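Just so you know, these numbers come straight off a predicted model, no measurement behind them.
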Amino acid sequence: VDVTLPPLAACPPGWNYIPSGASLVGASRPRWLWSDEYWIQTFEVTLGAVLDCLNDERAGSHITLASSTLLKPRYADNLESLEVQLGAGGEWQAGPEVKDLTWPARGLSQNDVGAYIEYAAKVLSPQPAGWYLALPTDAEWERAARGADGRLYPWGDDYRLGQCVDAHFDLDGDPELWPQVVGCGADDVSVFGVHDLAGSVAERTESAFETQRAVFAVRGGSYLDRDTVRMNTRARRGVGNTPVVDVGFRLVMRKQPSWLAALDHPLSFRDDFERPDGESVGAGWVELNAQPMRVPIDPGSPERCVLAAG
C-alpha cells in the first residue's frame with residue numbers, strides 16, 4: 001500500500017494526519033466506507049482551551065456561549081459544584097473541584113461546540129489555507145479509532161483493565177470518578193496516533209443519530225463507563241443539543257471542495273452530492289448549514305440547495 005504523507009513542516013502541532021482510504025464502519029451491519037484525507041486532533045479539546053476561548057477578547061464577535069450551559073454542575077442537583085464559573089473580576093475560571101486544566105472539556109452543548117469551532121477557526125487558525133474546522137463525522141471518528149483493519153479497540157481486539165481512562169482507571173486512589181488529564185491512558189492510542197478514543201470522555205460528532213431529529217451521534221467511552229461495550233470502536237449513542245457531563249469533543253480539519261474555495265468563509269457541509277462536472281459522488285444534493293461554521297441544531301432538516309454548473 002502506497003501512502004503519501006504530508007511533509008513534516010506542514011503538520012500542525014497537536015494534529016494527526018489521516019490519509020484517504022476505506023475503513024470498516026458500523027456494528028450490526030459493518031460496511032466499507034471511503035474517507036478523503038483529513039486531520040484530527042491528537043487529544044480532546046481541554047478545559048483550559050475552552051477557558052482561553054471564553055477569556056479571549058477576540059472571541060467577542062465569534063462566540064456567544066450562554067453561561068447557563070457552560071456552568072455545568074458535576075451533579076445536576078448540586079449547583080454549588082461547578083466546573084467553570086465566573087471569577088470576581090468577571091473572568092472565567094475553573095471551579096474548586098477541577099484538579100487540572102488539561103482535563104478534557106465536558107458538559108458543552110452542541111451549539112457551544114459550534115461556537116468554539118468558529119472561535120478556533122478565526123482566532124487560533126490552525127488550519128492551512130483551503131482547509132476548514134469541524135466536528136468529525138461518524139465515519140471519520142471511526143476510521144481514526146479503528147484504522148483500516150476494523151479493530152475492536154484502538155489498540156487491538158482485546159480489552160484489559162487500565163488500557164483507557166474508564167471507571168476502572170484510577171491514578172489517585174480517589175473513590176470518586178473524575179476525568180484525568182488527556183493522554184494519560186497510555187495504551188489508548190490508535191494506529192494513527194490518536195489518543196483517548198476508547199476512554200476519557202465520549203465525543204460528539206456532527207452526524208445525525210439514526211433517523212432521530214435533533215440528536216447527534218456520540219462515540220467512544222468515558223471515565224464513567226464500566227461496560228466495555230461502550231469503549232469499543234463500534235459503539236455509538238445519541239445525544240441532543242443539551243450538555244452531558246461525560247461528553248466532550250475534538251475537531252477535524254477537512255479540505256474545502258474547489259467550488260467552495262471562492263467563498264470568503266467555509267461552510268459545514270455533508271458530502272452527499274453530485275458535482276456539476278458529472279463526476280458522481282452521491283445522491284445529487286448538498287446540505288449546507290444556514291449559519292456558516294455552526295453545527296445545526298436539527299441535523300434532520302438542514303438547508304438544501306442544488307449545485308449549479310459553474
Side-chain angles (χ1 to χ4, degrees), residues 13-14 41-60 62-124 126 133 135 164-167 169-186 188 195-197 199-204 218 220-225 239 241-251 295:
Q41 286 185 296
T42 308
F43 305 104
E44 293 143 339
V45 174
T46 65
L47 176 60
V50 172
L51 283 173
D52 288 344
C53 170
L54 291 172
N55 290 321
D56 193 327
E57 294 180 356
R58 295 171 296 173
H62 308 310
I63 189 166
T64 56
L65 291 178
S67 61
S68 60
T69 58
L70 200 43
L71 290 174
K72 177 60 188 171
R74 183 156 173 261
Y75 304 106
D77 58 351
N78 181 5
L79 297 181
E80 295 180 356
S81 177
L82 301 176
E83 186 154 303
V84 177
Q85 54 191 218
L86 282 171
E91 76 288 352
W92 290 92
Q93 61 187 24
E97 291 190 337
V98 173
K99 300 178 182 180
D100 200 303
L101 291 181
T102 58
W103 278 3
R106 57 195 180 126
L108 279 75
S109 70
Q110 197 86 356
N111 279 355
D112 290 339
V113 173
Y116 177 85
I117 292 172
E118 187 173 350
Y119 160 79
K122 294 183 178 180
V123 177
L124 303 181
L133 297 181
L135 281 173
C164 65
V165 179
D166 56 19
F169 190 96
D170 186 5
L171 286 179
D172 306 318
D174 189 336
E176 296 282 355
L177 295 177
W178 294 95
Q180 302 288 345
V181 300
V182 296
C184 70
D188 191 0
H195 289 246
D196 297 331
L197 292 161
S200 188
V201 288
E203 299 178 18
R204 290 184 179 270
V218 168
S222 83
Y223 66 97
L224 294 179
D225 287 324
V239 299
N241 185 47
T242 54
V244 181
V245 70
D246 67 332
V247 174
F249 68 103
R250 76 177 78 215
L251 305 182
V295 180

For this session: List the steps, then state whether side-chain contact (heavy atoms from CB on, under 4.5 Å) holds for R106 with V245.
Result: CA-CA 6 Å; R106 57 195 180 126; V245 70; 3.6 Å; yes
For this session: Return yes if some donor-acceptor pair links the side-chain N/O of D196 with the main-chain N/O of F43 below 3.5 Å, else return no.
Result: no
For this session: Give the minimum heavy-atom separation between C184 and V165, together with the two atoms involved.
Result: SG-CG2, 3.7 Å
Exercise. So do Q93 and N55 actually touch side chain to side chain, heavy atoms under 4.5 Å?
Worked result: no
For this session: Could you check if a side-chain atom of L135 sits within less than 4.5 angstrom of a side-chain atom of Q110, using non-hydrogen atoms only?
Result: yes
Exercise. Say you draw a straight line from CG of D100 to CD of Q180; how long is it, rounded to the nearest 0.5 Å?
Worked result: 9.5 Å
For this session: Would you give the length of the straight line joining atom OG1 of T46 to atom CG of D52, rounded to the nearest 0.5 angstrom?
Result: 7.5 Å
Exercise. Should I117 and L251 be marked as a side-chain contact (heavy atoms from CB on, under 4.5 Å) after you check the CA-CA gap, both sets of side-chain angles, and the distance that decides it?
Worked result: CA-CA 8 Å; I117 292 172; L251 305 182; 3.6 Å; yes
Problem set entry | Any donor-acceptor pair under 3.5 Å from R250 side chain to T42 backbone | yes
Exercise. Do R204 side-chain atoms and L108 backbone N/O form a donor-acceptor pair below 3.5 Å?
Worked result: yes
Exercise. Between V218 and A202, what is the shortest heavy-atom contact and its length?
Worked result: CG1-CB, 3.5 Å
Problem set entry | Distance-minimising heavy-atom pair for D188 and G199 | OD2-N, 3.0 Å
Exercise. Do the side chains of L124 and Y116 get nearer than 4.5 Å, heavy atoms only?
Worked result: yes
Exercise. So do V182 and H195 actually touch side chain to side chain, heavy atoms under 4.5 Å?
Worked result: no
For this session: Measure the spacing between CG of L51 and CG of D56 and express it to the nearest 0.5 Å.
Result: 12.0 Å
For this session: Would you tell me whether N111 and S109 have side-chain atoms, one donor and one acceptor, within less than 3.5 Å of each other?
Result: no
Problem set entry | D246 (side chain) donor-acceptor with S222 (main chain) under 3.5 angstrom | no
